[in-house]
Amino acid sequence: MSQSPPPPPPPGGYGSPPPGGYGYGGQPPGAASWDVGTALSYGWTKFQANAGQIILAALALFVGVAVVVVGFVAIQSAIISYDTSFFVVLFLNAVFVAALIVVLQIIGAGIIRGALDITEGREFTAATVFKFQNVANVVVTALLIGAAVLVGTILCYLPGLVAGFVTSYALYFVVDKNMAPVDAIKASFELVKDNLGNTVIWYIVSAIVGGVGAIACGVGLLVTYPIAIIGTAYTYKRLTGQEVAP
């Protein structure tokens, strides 16, 4: 007597990785529908719809970055007046980049929370940005990323760029999924690895967007940085197979 065939396996999807696991990458549902034009357009459209509140929040980030830059310039000038060797300058630049990234990550985590709210259909509010949820995980994650970038930058810059790239979604996992720092960094690495083409394209485009804002004495960052953050939140949601509010 013949036996009926076994039932098919349940469909995969976000939260149901295939054997071996794809972390939060591996082309989950929604990844194929991502494109850079839509991500950029989404960031711009949502910025316009929430401009007042976003700019208020971005001002806090701007002040934090300004403090780091001014402090670094003062320290660098004092040290270089005694030693201008290549390795001293390289080390100072590495410290500056790492410190800047830590500040951007810690303060920017609030803006990330607001950007994720937008992708979930809620309005962006400056009050949400200053709630500092998951602050311990945010700070530790930022410090780990800053340390990786510091070491990578000392190794002649390129490894530092790579470290910043592969960890660029870590805080999104911390804020969105309340992940522990190391788990969030691993998840970011997996997301980037499994969606390398899309994440490379977005990383370059978002860096260009930020660079355009920096041209206007940094003031333009009040607009371009939030656009990049919202676009990255959109990218994160799509590449992890989550729904994105229109």
Side-chain angles (χ1 to χ4, degrees), residues 11-18 21-55 57-58 61 105 108-129 131 133-134 138 141 165-179 183-185 187-210 223-246:
Y14 181 74
S16 302
Y22 53 65
Y24 287 82
Q27 297 298 321
S33 65
W34 183 91
D35 69 83
V36 65
T38 304
L40 194 58
S41 174
Y42 189 89
W44 170 241
T45 300
K46 295 300 183 181
F47 170 80
Q48 288 180 300
N50 300 272
Q53 291 292 308
I54 290 175
I55 290 175
L61 181 68
Q105 297 267 344
I111 298 179
I112 288 173
R113 174 67 273 168
L116 289 170
D117 282 348
I118 288 174
T119 66
E120 294 164 4
R122 295 186 289 274
E123 292 185 355
F124 186 107
T125 64
T128 298
V129 170
K131 286 181 180 177
Q133 296 173 324
N134 307 331
V138 166
T141 303
F165 169 54
V166 300
T167 59
S168 56
Y169 295 92
L171 275 184
Y172 290 83
F173 285 104
V174 170
V175 174
D176 187 42
K177 301 297 180 185
N178 197 27
M179 281 191 176
D183 291 336
I185 290 172
S188 178
F189 175 81
E190 290 295 325
L191 178 65
V192 168
K193 176 177 67 71
D194 293 334
N195 300 275
L196 189 58
N198 289 339
T199 52
V200 166
I201 290 170
W202 179 249
Y203 193 71
I204 293 171
V205 169
S206 60
I208 292 172
V209 170
V223 175
T224 59
Y225 182 77
I227 290 173
I229 291 290
I230 297 169
T232 304
Y234 171 89
T235 300
Y236 160 80
K237 287 282 191 176
R238 281 294 188 190
L239 297 185
T240 53
Q242 300 184 68
E243 295 293 330
V244 177

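Because the structure is predicted, anything quoted here is derived from the model rather than measured.
Formation of a donor-acceptor pair under 3.5 Å by the T235 side chain with backbone atoms of G231 is found in this model. N134 contributes a side-chain N or O that, together with a main-chain N or O of V174, makes up a donor-acceptor pair within less than 3.5 Å. Counting only distance, with no hydrogens or angles, the side chain of T119 and the backbone of L116 share a donor-acceptor pair below 3.5 Å. Checked by atom type and distance alone, the side chain of T240 pairs as donor or acceptor with a backbone atom of Y236 at under 3.5 Å. For N195 (side chain) and L191 (main-chain N/O), a donor-acceptor pair under 3.5 Å exists by modelled atom type. In this structure, the side chain of N50 does not engage the main chain of Q53 through any donor-acceptor pair within 3.5 Å.
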Pair R238, N198 - check side-chain contact (heavy atoms from CB on, under 4.5 Å), show working. CA-CA 11 Å; R238 281 294 188 190; N198 289 339; over 6 Å; no
Assess the residue pair I229 and Y172 against the criterion (side-chain contact (heavy atoms from CB on, under 4.5 Å)); give the C-alpha distance rounded to whole Å, side-chain angles, the decisive distance to 0.1 Å, and a yes or no. CA-CA 10 Å; I229 291 290; Y172 290 83; 3.7 Å; yes
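Summarising the geometry of A184 relative to A170, their closest heavy-atom pair is CB-O, 3.4 Å, with the distance given to 0.1 Å. The two residues P226 and A58 come nearest to each other via the heavy atoms CG-CB, 4.1 Å. Residue S168 comes nearest to S188 through the heavy atom pair N-OG, 3.5 Å, listed as atom of the first residue, atom of the second, then distance.
Note: W202 and W34 have perpendicular aromatic rings, judged against thresholds of 30 and 60 degrees for the angle between ring planes. Using cut-offs of 30° and 60° on the angle between ring planes, the pair W44 and F47 is parallel.
Note: T125 OG1 to I118 CD1 = 9.5 Å, rounded to the nearest 0.5 Å. The structure places CE of M179 at 11.0 Å from OG1 of T141, a figure rounded to the nearest 0.5 Å.
With a 4.5 Å cut-off on side-chain heavy atoms, I204 and F165 do not count as touching. No side-chain heavy atom of D183 sits under 4.5 Å from any side-chain heavy atom of K177. A heavy-atom distance below 4.5 Å is found between the side chains of T199 and Y169.
A 6.0 Å sphere centred on OH of Y203 holds more than 12 heavy atoms belonging to other residues, nucleotides or ligands. The local environment of CD in E123 is sparse, with at most 12 non-hydrogen atoms from other residues, nucleotides or ligands closer than 6.0 Å.
When the options I111, I230, I227 are evaluated for a side-chain contact (heavy atoms from CB on, under 4.5 Å) with I54, the one that passes is I230.
Between K46 and E120 there is no salt bridge, since none of the side-chain N atoms of the basic residue sits less than 4.0 Å from a carboxylate O of the acidic one.
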